[in-house]
Amino acid sequence: MRPVLNSAVGRLGTESAFAVLARARALEARGRNVIHLEIGEPDFETPAHVAEAGIAAIRAGETHYCQTAGLPVLREAAAASLSASRGIEVDPARVLVANGAKPFLFFTILATCGPGDEVVYPDPGFPIYESAVRFVGATPVPLPLREERGFSFDPAELEELLGDRTRLVILNSPQNPTGGVIPRSDLERAAAAIERTPAWVLSDEVYSRITYDAEAPSIASLTGLLDRTILLDGFSKSFSMTGWRLGYAAVPEELVEPLERLTVNSTSCVPPFAQLAGVAALEGPQDAVDAMVAEFRRRRDFLVPALDALPGFRCIEPGGAFYAFPNVSALPLTADELADRLLGEAGVAVLAGSAFGGHGAEHLRLSYASSLDNLEQAVERIRAFVAEL
Ligand SMILES: Cc1ncc(COP(=O)(O)O)c(C=O)c1O
């Protein structure tokens with residue numbers, strides 16, 4: 001007899017950014033020049049004082065197992081940071097540390113949802129949400145994000161989708177892939193509607209430090225919501241630390257122990273030297289973050305109007321993160337075909353919006369975590385390509 005796979009694995013999705021990157025690298029290996037706008041990670045070094053703190057910790061022998069929930073010093077620093085930035089009181093005992101923000105997505109869904117439960121999540125949205133929901137056998141309920149609302153959701157639509165079976169509502173602001181920021185008024189209506197259901201809230205705020213016009217409000221700061229909200233933040237985007245695999249969340253009291261158990265069953269703990277680098281990131285000088293956001297703003301201010309001016313493109317200005325999400329439905333090919341051909345024929349790697357859900361199907365996602373020079377060249381290549389259509 002042949003050994004078989006667990007059928008749940010077949011329900012796992014993936015992140016197409018990694019597949020597109022692999023295809024782009026294969027083209028480069030054959031001598032082609034490719035501009036990479038597919039990957040969602042800052043193109044800056046981890047700030048030197050943060051890296052040094054990690055290296056010093058390795059030298060000091062911080063290379064062993066440590067507390068599953070996270071080092072107390074990092075839980076305290078993260079609680080202080082969340083409290084100050086969201087204007088709330090976060091108890092360090094409710095803060096957990098994990099290997100990036102991603103495990104919190106998976107573990108929260110594993111800990112709260114099963115077959116028969118519904119999970120409302122943003123569409124277009126980070127693909128791991130739907131993937132994890134399907135994996136546990138729960139029912140994904142996409143919440144459309146509306147371009148005409150700056151890629152926020154329509155609160156009336158959210159109210160329609162909520163019910164007694166809603167176990168979890170996932171929100172993400174600033175948002176991947178649209179760069180949208182959910183305004184406070186929408187969060188207030190969402191909070192009022194969610195409070196009438198038995199749903200937890202997972203507020204994915206990993207781009208919280210990367211905003212351009214105003215700070216992104218957090219649903220956790222609305223009265224009563226912190227007690228049902230997993231308030232998720234991390235180091236990957238804010239401090240250009242994607243490879244350190246470090247994230248944290250403030251979670252409701254009832255979830256502290258279950259989430260800790262999921263960690264002890266999987267990764268045991270986050271390397272202590274990475275956690276100590278995280279303390280340096282939160283408590284040390286913030287000028288590297290400010291400089292990174294200023295550079296992202298410069299790029300956004302070039303890229304968005306440049307895309308918007310291309311024939312067949314319409315691109316609204318994102319308020320956060322580092323993604324442009326132009327609508328290309330006026331072109332004579334689908335966004336999927338366009339993304340495919342831009343890579344193969346024009347040497348520009350972007351993602352099709354469909355990688356983020358059906359409501360993104362008319363869009364492309366371009367990450368502007370790439371130099372201004374690259375962005376200028378990419379726009380020229382795209383302009384030349386669409387002129388030939
Ligand atoms: C919305 C969103 N949440 C979570 C993550 C994962 O972040 P981390 O590297 O901290 O696991 C990403 C990364 O792209 C993201 O875009």
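Keep in mind that the numbers below use all heavy atoms, side chains included, and drop hydrogens, waters and symmetry copies. The first residue in the sequence is number 1, and the count goes up from there. In listed order, ligands and their atoms are each counted from 1. Note that the structure is predicted; figures quoted are calculated from it, not measured.
- With values rounded to the nearest 0.5 angstrom, I109 atom CD1 is found 13.5 Å from R167 atom CZ.
- Not a single N or O atom of E15, backbone or side chain, sits closer than 3.5 Å to an N or O atom of ligand 1.
- Nearest to atom 12 (C) of ligand 1 among the protein's heavy atoms is F126 CZ, 3.5 Å.
- Under 4.0 Å from ligand 1, the heavy atoms of Y129 that appear belong solely to its side chain.
- Checking only distances, Y207 does come within under 3.5 Å of ligand 1, N or O to N or O.
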Give the intermediate values and the outcome of side-chain hydrogen bond (donor to acceptor under 3.5 Å, both in side chains) for residues R75 and Q67.
CA-CA 11 Å; R75 295 172 77 190; Q67 293 93 324; over 6 Å; no

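- For ligand 1, the atoms sitting less than 4.0 Å from at least one non-hydrogen atom of G100 are 10 (O), 11 (O), numbered in the order shown with element in parentheses.
- Contact check on D186 versus R146 returns no salt bridge, with no Lys/Arg side-chain nitrogen under 4.0 Å from an Asp/Glu carboxylate oxygen.
- Taking a 4.0 Å cut-off on heavy atoms, G234 fails to register as neighbouring ligand 1.
- Taking 4.0 Å as the cut-off between side-chain N and carboxylate O, R94 and D227 count as a salt-bridged pair.
- Shortest contact from atom 7 (O) of ligand 1 to any protein heavy atom: A101 CB, 3.9 Å.
- Residue contact check: N172 has heavy atoms under 4.0 Å from atoms 1 (C) of ligand 1.
- Ligand 1 is approached by K237 to a heavy-atom distance shorter than 4.0 Å.
- A side-chain donor-acceptor contact under 3.5 Å links S85 to the backbone of S81.
- Residue D204 approaches ligand 1 through these ligand atoms, each under 4.0 Å from one of its heavy atoms: 1 (C), 2 (C), 3 (N), 4 (C).
- Residue F356 places no heavy atom under 4.0 Å from ligand 1.
- Near R245, meaning under 4.0 Å from any of its heavy atoms, are these atoms of ligand 1: 8 (P), 9 (O), 11 (O).
- The residue from L202, T112, V133 that alone fulfils the side chain to side chain contact (heavy atoms under 4.5 Å, CB included) condition with V119 is V133.
- Of the candidates Y368, Y207, F356, Y323 forms a ring-ring contact (aromatic ring centres under 6.0 Å, His included) with just one, namely Y207.
- A centroid separation of less than 6.0 Å is found between the aromatic rings of F235 and Y248.
- Between T242 and ligand 1 there is no heavy-atom distance shorter than 4.0 Å.
- Residue S236 touches ligand 1 through its side chain alone, judged by heavy-atom distances below 4.0 Å.
- Heavy atoms of F235 stay at 4.0 angstrom or farther from ligand 1.
- Atom CG of N172 and atom CD of E205 lie 9.0 Å apart (nearest 0.5 Å).
- Distance CD/Q377 to OG/S370: 9.5 Å, rounded to 0.5 Å.
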